[in-house]
Protein chains: 2
Amino acid sequence: MRLSKLTDYATVILSVIAKNNSCVHSAVGMAEVTGIAQPTVSKVLKLLVKAKVLISVRGAKGGYRLARSPEKISVAAVINALEGPIALTECSASHHACEQARGCEIQGNWDLINKTVHNALESVTLADLILPVRPPREINIPVASLYR
Amino acid sequence: MRLSKLTDYATVILSVIAKNNSCVHSAVGMAEVTGIAQPTVSKVLKLLVKAKVLISVRGAKGGYRLARSPEKISVAAVINALEGPIALTECSASHHACEQARGCEIQGNWDLINKTVHNALESVTLADLILPVRPPREINIPVASLYR
DNA sequence: TATAACTAGGACCATTTTAGTACTATTTAA
DNA sequence: TTAAATAGTACTAAAATGGTCCTAGTTATA
Ligand code: FES
Ligand code: FES
């Protein structure tokens with residue numbers, strides 16, 4: 001139940017970029033600002049480009065910039081870029097491919113849980129992350145009620 | 001963003017127990033029913049006892065039974081038993097211990113995301129898992145709204 | 001046109017984590 | 001007394017992760 005370090009890095013890096021998206025940011029520059037080793041920063045940036053979260057500009061004076069506004073980049077998208085699709089269990093990841101246990105009928109329920117977690121992460125954007133922390137105003141209506 | 005296999009096993013095993021909690025269940029018995037290797041089943045069961053999700057009865061005719069009713073055993077508790085506290089990021093896990101990146105001020109926001117995911121998992125119980133799947137009736141109000 | 005400053009895309013290895021197994025000790029019903 | 005159970009721990013093999021490095025391609029600009 002942990003995000004990988006790379007995903008953590010990604011959010012930090014993206015936050016920096018989001019705060020000033022008017023110009024492009026180079027990998028070395030980002031490494032200096034964040035304190036993360038440059039090769040690692042590059043790795044993360046490349047993955048984010050591949051997932052179309054960032055756009056790259058090659059050549060001298062090149063660098064990276066957001067592919068869309070921070071409001072449209074969800075945490076779920078970032079996780080997806082670094083770790084692949086959000087799927088808590090094997091069953092949810094590849095339908096019908098799970099033969100872990102006989103007599104298991106909870107697959108469908110896992111799907112629901114998955115969707116809930118996914119929704120939660122989908123609804124938080126980069127724009128939210130760079131804001132100062134505020135206490136919640138609305139309370140989350142939990143999934144349990146879905147079942148009762 | 002995956003649960004470990006052991007956690008997956010745990011939910012399957014717990015589901016079986018939950019469906020008939022009047023008698024105790026032995027590790028070998030559970031292994032036969034679920035098709036999971038017996039030593040692995042034992043490992044999972046021991047962890048669940050340690051986390052007070054299950055109660056064990058030692059000696060001949062011993063076995064395991066739920067520590068409380070299925071409605072009171074959340075998925076979050078199960079994950080916690082197998083994988084430790086739910087903390088998506090290093091920052092959330094150990095406060096002030098994260099020195100991954102300089103100039104990072106999103107820690108507090110991660111905390112909120114964490115809580116949201118935790119809430120979602122806390123609100124799904126073992127009782128829900130063993131029910132036939134139903135489409136959601138109420139919609140989750142996502143965290144994003146917390147920030148806007 | 002040459003150069004320097006960039007990114008693209010792999011390949012690679014060390015480390016850590018995970019999964020699974022095994023062993024010994026303890027408990028208890030029959 | 002014995003057999004059927006769990007408790008606890010240690011161990012190994014396999015997989016995932018983190019991190020680095022190398023080569024190739026692109027482009028502004030001196
Ligand atoms: S855990 Fe895979 S089918 Fe239920
Ligand atoms: S990621 Fe650790 S302090 Fe921000």
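In what follows, chains carry the letters A, B, and so on, assigned in the order in which the sequence lines appear, proteins first and then strands, with residues in each chain numbered from 1. Computed from a prediction, not measured in an experiment: that's the story for all the values here.
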Out of curiosity, [X] [atom1] to [Y] [atom2], how far, rounded to the nearest 0.5 Å?
| X | Y | atom1 | atom2 | value |
| --- | --- | --- | --- | --- |
| A/R2 | B/M1 | CZ | CE | 12.5 Å |
| B/I13 | B/I36 | CD1 | CD1 | 4.5 Å |
| B/Y64 | B/R58 | OH | CZ | 9.5 Å |

A/K50 vs A/G63, nearer the 5' end of DNA chain C by closest nucleotide: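 Residue closer to the 5' terminus by nearest nucleotide: A/G63.
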Check whether any side-chain nitrogen or oxygen of [X] sits under 4.0 Å from OP1 or OP2 of [N], and answer yes or no.
| X | N | result |
| --- | --- | --- |
| A/S26 | C/dA5 | no |
| A/Y9 | D/dG19 | yes |
| A/S4 | D/dG18 | yes |
| A/S56 | C/dA8 | yes |
| B/Y64 | D/dA7 | yes |

Short side-chain donor-acceptor distance under 3.5 Å, B/T125 and B/E71: no
For [X] and [N], give me the distance from atom [atom1] to atom [atom2], rounded to whole Å.
| X | N | atom1 | atom2 | answer |
| --- | --- | --- | --- | --- |
| A/I36 | D/dG19 | CD1 | P | 9 Å |
| B/M30 | D/dA5 | CE | C1' | 15 Å |
| B/K5 | C/dA19 | NZ | C1' | 7 Å |
| B/I55 | C/dT27 | CD1 | P | 18 Å |
| A/L3 | C/dT17 | CG | P | 16 Å |
| B/L6 | D/dA14 | CG | P | 18 Å |
| A/R2 | D/dG18 | CZ | P | 12 Å |
| A/D8 | D/dG19 | CG | P | 11 Å |

No-H, no-angle donor-acceptor pair, B/R58 side chain to C/dT26 base, under 3.5 Å: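 Indeed, a donor on one side and an acceptor on the other fall under 3.5 Å apart.
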Sub-4.0 Å heavy-atom contacts from residues 41-49 of chain B onto DNA chain C, ordered by number: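 When residues 41-49 of chain B is checked for heavy atoms under 4.0 Å from DNA chain C, the hits, listed by number, are B/K43.
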For the pair [X] (side chain) and [Y] (backbone), establish whether a donor and an acceptor sit closer than 3.5 Å, ignoring hydrogens and angles.
| X | Y | answer |
| --- | --- | --- |
| B/N21 | B/L66 | yes |
| A/T34 | A/M30 | yes |
| A/H118 | A/I113 | no |

Nucleotide of D/dA28, D/dT20, C/dT21 approaching B/P39 most closely (side-chain heavy atoms): C/dT21
A/Q38 vs B/Q38, nearer the 5' end of DNA chain D by closest nucleotide: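 Closer to the 5' end of DNA chain D: B/Q38.
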